[in-house]
Engineer: 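What follows is a single structure, and I will ask about it in a moment.
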Amino acid sequence: MQITWVTALLNWFQLHQRELPWRQTKDPYAIWVSEIMLQQTRVETVVPYYRRFLERFPTVEHLAKAQIDEVLKLWEGLGYYTRAKNLHRAAQVIQQEYQSVFPRSHSEVLALPGIGDYTAGAIMSIAYGQPFPAIDGNVLRVIARLQLVQKDISLPQTKTEVAAFLKGVFPLEQASDFTQALMELGALVCLPMTPKCTLCPIQVHCQAKQRNMQQELPIKSKKTLPKREKRYLAIIQQGDKILMNKRPMAGLLGGLWEFPGVESKNKQDFVQNFKRQFGLTIIPKVHKLDTSHVFSHRIWEMKVYHSELVSGEVTTAADLHWIPIDQLNTIAIPSAFQKIKDSLLLGGKLC
DNA sequence: AATCCGGGGTC
DNA sequence: GACCCAGGATT
């Protein structure tokens, strides 16, 4: 009996898997938290966030009763902040609908906010040992090469076909290891640009390698280029305090804090838009610094002005607060503004 | 099916 | 710079 590629992969995983904090548990809550953090985010980035999060919120109930602001603070710098909000909401659903016991069925897990096909499959297989495939970027790449999938992997249909293929080969007694092994192979060996085929445990089964097409696969359509946005920011100080705006919960960087700013063409436009957005009349005084921040679909080119507050009534659209400078580290500020915050802290009060 | 939603590592 | 990463929700 010839050894199957599934067995070869599982054997390789036993020998070469990394020691990761979420591999020391089968607690579905802990697995869930790790999978949400790992969405579009590298393992090394996640590890310290994961440890802090599980220490602060060791169970669903701890998370369910937390304030969203504290959850966002723990998520600060990790990005895709909707993940944190959905995690929090789902914890409350689990508390109320399931008496704080993490649901066991695929349909119930899939119905939780923030859990899609991938994460549902990952939880079902990794935590519960059930044969549901978890198809992420790693798995799509591995299978595209193994099976010579020459369709665009960003098409939903391609994912459906990969799911059907995986269901047909799923090892029923080792569902957890199989799911993790596929992703681990993609992360350590079957790399996007320069796959390490000589180290690959399933190289003899790989159709792409047989044809020397590893570099061409998978096929992925190009994403649209990010839009450039000119953004003017106001640093407004009164004594030891600085005026900060809490962004609306929905949308970009929702619920996080910013130095109040507006998209504007030029300095005059800045003052006008600022008045419209925040209800405050300001005079930009000192051009402190220029900085840019790249998002997936947007580039902010920011001009930062120390500004004088003249007058105004705060609009309901804004959520402005005077924050003591030594308490800036207690609110959730996204990476886009960290350079500005640092320059403020270094520069002291009168800059 | 297309678009929005972050941030950081790598080459 | 370009590419990618343990994707999901919305329209």
Engineer: Salt bridge (charged side-chain N to carboxylate O under 4.0 Å, His left out) with Glu76(A): which residues, sequence neighbours excluded?
Structural biologist: Lys73(A)
Engineer: Sequence neighbours left out, what passes salt bridge (charged side-chain N to carboxylate O under 4.0 Å, His left out) with Asp69(A)? Give chain and number order.
Structural biologist: Lys246(A)
Engineer: List the residues meeting ring pair (Phe, Tyr, Trp, His ring centres under 6.0 Å) with Tyr50(A), not counting sequence neighbours, and say none if there are none.
Structural biologist: Trp22(A)
Engineer: For Val101(A), what are the other residues in its hydrophobic cluster, where any two members join if their side-chain heavy atoms are less than 4.5 angstrom apart?
Structural biologist: none
Engineer: Tell me, which pairs form a ring-ring contact (aromatic ring centres under 6.0 Å, His included) where one or both residues lie in residues 280-300 of chain A, sequence neighbours left out?
Structural biologist: His287(A)-Tyr305(A), His293(A)-Phe295(A), Phe295(A)-Trp300(A), Trp300(A)-Phe337(A)
Engineer: Listed in order of residue number, which residues of residues 18-28 of chain A have a non-hydrogen atom at under 4.0 Å from DNA chain C?
Structural biologist: Arg18(A), Leu20(A), Trp22(A), Arg23(A)
Engineer: Pairs in or reaching into residues 28-38 of chain A: which pass side-chain hydrogen bond (donor to acceptor under 3.5 Å, both in side chains), with residues at least two apart or in two chains?
Structural biologist: Glu35(A)-Tyr118(A)
Engineer: Of all nucleotides in DNA chain C that come within under 4.0 Å of a heavy atom of chain A, which is furthest toward the 5' end and which toward the 3' end?
Structural biologist: dC3(C) to dA9(C)
Engineer: Which residues within residues 146-172 of chain A lie with some heavy atom under 4.0 Å of an atom in DNA chain C?
Structural biologist: none
Engineer: Using links of under 4.5 Å between side-chain heavy atoms of ILVMFWY residues, direct or through other members, which residues join Val294(A) in one cluster?
Structural biologist: Ile299(A)
Engineer: By the ring-ring contact (aromatic ring centres under 6.0 Å, His included) test, which pairs, at least two apart or in different chains, include something from residues 119-173 of chain A?
Structural biologist: His106(A)-Phe132(A), Phe170(A)-Phe178(A)
Engineer: Would you tabulate the nitrogen or oxygen pairs shorter than 3.5 Å linking the protein to nucleotides 7-9 of chain B?
Structural biologist:
unit_1, atom_1, unit_2, atom_2, d
dG7(B), OP1, Tyr81(A), OH, 2.7
dG7(B), OP1, Ser335(A), N, 3.1
dG7(B), OP2, His293(A), NE2, 2.8
dG7(B), O3', Gly77(A), O, 3.2
dG7(B), O3', Ser335(A), OG, 3.3
dG7(B), N2, Gln40(A), O, 3.3
dG8(B), OP1, Ser335(A), OG, 3.4
dG8(B), N2, Arg42(A), NH1, 2.5

